[in-house]
2 protein chains.
Amino acid sequence: MNNEYIDRELEEKAELLKIIGHPVRLCIVRNLLDGGNRNVSEMQECLCIPQSTVSQHLAKLKSAGIIEGQRNKNQIVYALANEDVKKIIKSMFDIKEEDK
Amino acid sequence: MNNEYIDRELEEKAELLKIIGHPVRLCIVRNLLDGGNRNVSEMQECLCIPQSTVSQHLAKLKSAGIIEGQRNKNQIVYALANEDVKKIIKSMFDIKEEDK
DNA sequence: TAACAATATCGTAATATCTAAATATAGTGA
DNA sequence: TCACTATATTTAGATATTACGATATTGTTA
C-alpha cells in the first residue's frame, strides 16, 4: 500500500486482523486463550482437519508473532504471544480470565 | 468450513475480522470511529485511491453490517454499526471516546 | 428535464490464499 | 543407531481477493 495516510502501524494491525480472520486460526487462538488445546495433535483432532493444514495455520500465526511454540518432550506447546490479539479475543468471546 | 467445532459464531467473527483486516478498510473504520471522514469523497481524497476502489471497500463493510450509510443531500454519510468492531478498534488504537 | 455531482456496479487481470497430499525434519526411547 | 511420533515444509491446483477503468445509477439543482 503506497499511501501516506496508511502508515506502518495501520498496515501491521490490518495484517494481524487478517491473520486471525480465518475460522481455523480464530478457533486455535480462542482455544489457546480459553485454556484449551495447546499442542498440534490435539488441535488437529479437535478441528478435524489434516495435520499439515493445522501446521500451516500455526506457521502463519507464529510468523506474525501471534503465538509462540515451546518444545516439551515430543511435542510443541503453543501459547498466545500478542496482547492486541488477546484483547480482541477476550472482548469478542467474553472470556473473563486466562484459566491456567 | 465443514466442521462441528467451528460453529456459526466463530465463522461470523472470523469473517468480521477478515473484512477489517485490510489497510484501506481498517483506515476507513478507524477514521469513522475517530470522528474523521464520513462521506466517500473525503475518504477518497484522504486515502489517495480511486473512487471506485473506495466504494468497493465500503460495499464490503456495508454488506457485513460493519457500517451503515445514510443519504444526506447529495452524499452518503457512513457510520460504524457493529459493536464488536467498535470495541476492537478502540482497544487496538487507544481511542477513548467517540467524538461527535 | 438536462446537466452535474456523488456514489455504486461491472469486467477482468494480477495476485494472494487455502487445502491437502507427499515428503522432510527433529526429538525420543529402545 | 533404528523405529517411532510429532511437527514442519513443499508443491500444486482450486478458489478468493484486490485494484481500477469504464460505465451505470441516483439525487440535486437550474
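Keep in mind it's a predicted model, so treat the numbers as computed, not measured. The chains referred to below are lettered A, B, ... by the order of the sequence lines, with proteins before strands, and numbering in each begins at 1.
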* Side chain of A:R38, backbone of A:V77: donor and acceptor closer than 3.5 Å? -> no

* Is there a donor-acceptor pair under 3.5 Å between the side chain of A:R71 and the backbone N or O of A:I76? -> no

* **Ring-face cation contact, B:F93 with B:R30, 6.0 Å cut, 45° max** => yes

Distance in angstrom units between [X] [atom1] and [N] [atom2], rounded:
X: A:L26; N: C:dC18; atom1: CG; atom2: P; result: 13 Å
X: B:K18; N: D:dA16; atom1: NZ; atom2: C1'; result: 7 Å
X: B:L61; N: C:dA8; atom1: CG; atom2: C1'; result: 15 Å
X: B:Q75; N: D:dT26; atom1: CD; atom2: P; result: 18 Å
X: B:N39; N: C:dA8; atom1: CG; atom2: P; result: 10 Å
X: A:L58; N: C:dT25; atom1: CG; atom2: P; result: 20 Å
X: B:N72; N: C:dA5; atom1: CG; atom2: P; result: 18 Å
X: B:E11; N: C:dC18; atom1: CD; atom2: C1'; result: 14 Å

Looking at [X], does any N or O in its side chain come under 4.0 Å of the phosphate oxygens OP1/OP2 on [N]?
X: A:K62; N: D:dA8; answer: yes
X: B:K73; N: C:dA5; answer: no
X: A:T53; N: C:dA20; answer: yes
X: A:K60; N: C:dT17; answer: no
X: B:H57; N: C:dT9; answer: no
X: B:H22; N: D:dA16; answer: no

* Given that A:Y78 and B:R71 both sit by DNA chain D, which one's nearest nucleotide is further toward the 5' end? -> A:Y78

* Quick one: the side chain of B:Q56 and the base of D:dC20, do they pair up donor-acceptor inside 3.5 Å? -> yes

* Asked: Quick one: on DNA chain C, does A:Q51 or A:G21 contact a more 5' nucleotide (nearest heavy atom)?
  -> A:G21

Given [options], which nucleotide is nearest the side-chain atoms of [X]?
X: A:I76; options: D:dT18, D:dA8, D:dT28; result: D:dA8
X: A:S52; options: C:dA22, D:dT7, C:dT7; result: C:dA22
X: B:I49; options: D:dC20, C:dA20, C:dG29; result: D:dC20
X: B:P50; options: C:dA8, D:dC20, C:dT17; result: D:dC20
X: A:N74; options: C:dA8, D:dT7, C:dG27; result: C:dG27
X: A:R25; options: C:dC18, D:dA8, C:dA8; result: C:dC18

* Asked: When you check the gap from the basic side-chain N to the acidic O, do B:R8 and B:E11 get nearer than 4.0 Å?
  -> no

* Asked: B:K87 and A:S91: which non-hydrogen atoms are nearest, and at how many Å?
  -> NZ-O, 3.1 Å

* **Taking every non-hydrogen atom, the tightest pair across A:Q44 and A:I49** => CG-O, 3.2 Å

* To do: Could you tell me whether A:S41 contacts a base, only the sugar-phosphate backbone, or nothing, with contacts defined as non-hydrogen atoms closer than 4.0 Å?
  => sugar-phosphate

